[in-house]
Amino acid sequence: MGGTGRRVCFARQVGFPICRDDITWRTSSCLVQSIRFKTQGPVEQYGLKRYSTAEATVVTRENIKMREKTLTMETLNPQVKAVEYAVRGPIVLKAGEIERGLQQGQKHPFTEVIKANIGDAHAMGQKPITFLRQVVALCSFPELLESPSFPEDAKVRAGRILQGCGGQSLGSYSASQGVDCIRRDIAAYIKQRDKGVPADWDNVYLTTGASDGIVSILKMLVSGQGLSRCGVMIPIPQYPLYSAAIAEMDAVQINYYLDEDHCWALDINELHRAYLAAKEHCHPRVICIINPGNPTGQVQSKKCIEEVLHFAFEENLFVMADEVYQDNVYSTDCQFHSFKKVLYEMGPEYFNTVELASFHSTSKGYSGECGFRGGYMEVLNLDPEVKAQLVKLLSVRLCPPVSGQAAMDVIVNPPLPHEPSYPQFHESTILGALAEKARMTEHILNAVPGIKCNPVQGAMYAFPSIFIPPRAVEEALGMPPDMLYCLRLLEDTGICIVPGSGFGQREGTHHFRMTILPSMEKLKVLLEKLRDFHIKFLKKYSSLEELER
């Protein structure tokens, strides 16, 4: 084919109409400079710009009006703009900048950034649970099932999970609700945890972390406009996932305040106050509880849970129980009680009618497997037609990560005493070490003037109150004073924690949240640096009389 013929063929391929008259080619660089059609108008009408290279763009740019952006801050969904997530907010972004600066040789009063802002156990140095990783590795690479390096109980677990996967591969989609055998294992775990309370595996849904399940249930609940607009009751302080999801869905956030003076207990009178006030402008439909608490670290008593469930029964509220820290209980005076078990013990009138969704995750507890994004929810007493709608909603995202589902299976189905992996698994000291770190954190912080820390009964965070002198409050200007405090702490010591204002707090009070996950040695250094900074901060902004008070 001749040169002209090849050029005409190319023009057909890219979609230009072909006219043999007056075709000009920029042959030196094989770029089309212009194609003029005597009867069909200027080339811009035929989309040449879509196919031009950078050189062609430069040639014609002077004559092109620059396209305006479709998505700007003015056109952005206002619900997205309303979303805030303090756990990875401005302080954390600043910490990242400082960390990169340190790597490039910039000088700071410290040599490393200590990130105590998020409950990411492995990032803090916790080692993975061997058995869990063995099972997931075997599922991911089944050829290893022939290896003598893996114990038989891990191979049995992996083989069973693979049998439940399409094509016996972790790379296939699962059912939207999750792999059936894993759902059955979760139901068996729940029944054992709750001392024989029945658990139907058909009510179990695997999720992409607990967050995915929480957001899915909220999507089902949020509806209405004006006075019928859905109201969501959440604890203050709260985990920012809740406020962010509520803002994104344009629902109404109803704050009920935990009692800091009584170790962040939930006061039933405060629930009634918040509910009655909210009814004036919305329709309260759901109450969320985090137990053990994040960021507050409290473990709610059985009596408290009974009161919440009775309140939900009377006011016809859907109950969402965030129980991802159910294994993390450190205080000898406390015990984890699942909302489902307490509901069952309140009798069939409650157990067969109150709508309850409870959530668990691979990210917390003893495993700390945040990156697998595994989780589940058990949902009770849904209307059958609504249940079908939930399955439809979950089907939109096809399925949760199947590797995360496999990790979740190990957490609910650990080695048994007669199995070869049991001794090593049972030797894990993770929860015991966390209990020791919880006590140390409370002890050191409470010895600092101007800091008060409630006992860290559970979860993996401390949420102490801090005194911020009036002069420092004035200097903060439009910034929350505890944001200023955390920013100065980061710049002076390299410690990254999250201001209490990101979680909600009573007006006039100031807090911060820090995780207790760093190693014992690093946590002690962190707390001592924090103590020294706080005293220096008080001296800078306070008089001696204020310090003595």
Nearest-0.5 Å distance, CG of residue Leu445 to CG of residue Leu530: 6.5 Å

Roughly how far, to the nearest 0.5 Å, is CZ of Phe313 from CD of Glu349? 4.0 Å

Should the pair Lys302-Glu345 be classified as a salt bridge under the 4.0 Å nitrogen-to-oxygen rule? yes

Return yes if some donor-acceptor pair links the side-chain N/O of Asn291 with the main-chain N/O of Ala321 below 3.5 Å, else return no. no

Looking at Arg488 and Glu475, does any basic side-chain N land under 4.0 Å from a carboxylate oxygen? yes

Looking only at heavy atoms, what is the nearest atom pair of Asn446 and Cys453, with distance? OD1-N, 2.6 Å

Answer yes or no: does atom CD of Glu314 have more than 12 heavy-atom neighbours from other residues, nucleotides or ligands under 6.0 Å? yes

Work out which heavy atom in Ser501 is nearest to a heavy atom in Gln505; give both atom names and the distance. N-NE2, 3.3 Å

Which heavy atom in Val324 sits nearest to a heavy atom in Ser361, and how many Å separate them? CG1-CB, 3.9 Å

SG on Cys230 to CG on Leu218, rounded to 0.5 Å: 8.0 Å

Step through the shown structure and confirm whether more than 12 heavy atoms of other residues, nucleotides or ligands are within 6.0 Å of NE2 on His272. yes

Flag side-chain contact, heavy atom, 4.5 Å: Phe318 against Arg285: no

Using modelled atom types and a 3.5 Å cut-off, is there a donor and acceptor pairing between side-chain atoms of Lys279 and backbone atoms of Pro284? no

Is there side-chain contact between Lys94 and Glu491, with heavy atoms separated by less than 4.5 Å? yes

Could you walk me through whether Glu323 and Phe336 pass the side chain to side chain contact (heavy atoms under 4.5 Å, CB included) check? CA-CA 9 Å; Glu323 298 175 335; Phe336 170 74; 3.7 Å; yes

Among Asn294, Asp482, Thr296, Asn117, which residue meets the side-chain hydrogen bond (donor to acceptor under 3.5 Å, both in side chains) test with Arg513? Asn294

Tell me if a side-chain donor or acceptor on Gln457 pairs with a main-chain N or O of Val299 at a distance below 3.5 Å. yes

Please name the pair of heavy atoms, one in His310 and one in Met346, separated by the smallest distance, quoted to 0.1 Å. N-CE, 4.0 Å

Over all heavy atoms of both residues, which pair between Pro295 and Phe463 is shortest? Give the atoms and the distance, please. O-CB, 3.3 Å

Among Gln300, Glu307, Glu306, find the residue that satisfies the side-chain hydrogen bond (donor to acceptor under 3.5 Å, both in side chains) test when tested with Lys303. Glu307

Any donor-acceptor N or O pair under 3.5 Å, side chains Tyr239, Tyr461: no

Would you call Glu270 and Arg273 a salt bridge, taking side-chain N to carboxylate O under 4.0 Å as the test? yes

Any Glu369 side-chain heavy atom under 4.5 Å of Pro128 side chain: yes

In this structure, is the centre-to-centre distance between the rings of Phe533 and Tyr485 below 6.0 Å? yes

Gln253 side chain reached by Ile236 side chain, heavy atoms, under 4.5 Å: yes

Result of checking Met377, Gln177, Arg183 against Leu206 for side-chain contact (heavy atoms from CB on, under 4.5 Å): Arg183

Residues Gln238, Ser243; criterion side chain to side chain donor-acceptor pair (under 3.5 Å); working and verdict: CA-CA 8 Å; Gln238 52 102 25; Ser243 55; 2.9 Å; yes

d(Asp120 CG, Leu517 CG) to nearest 0.5 Å is 8.0 Å

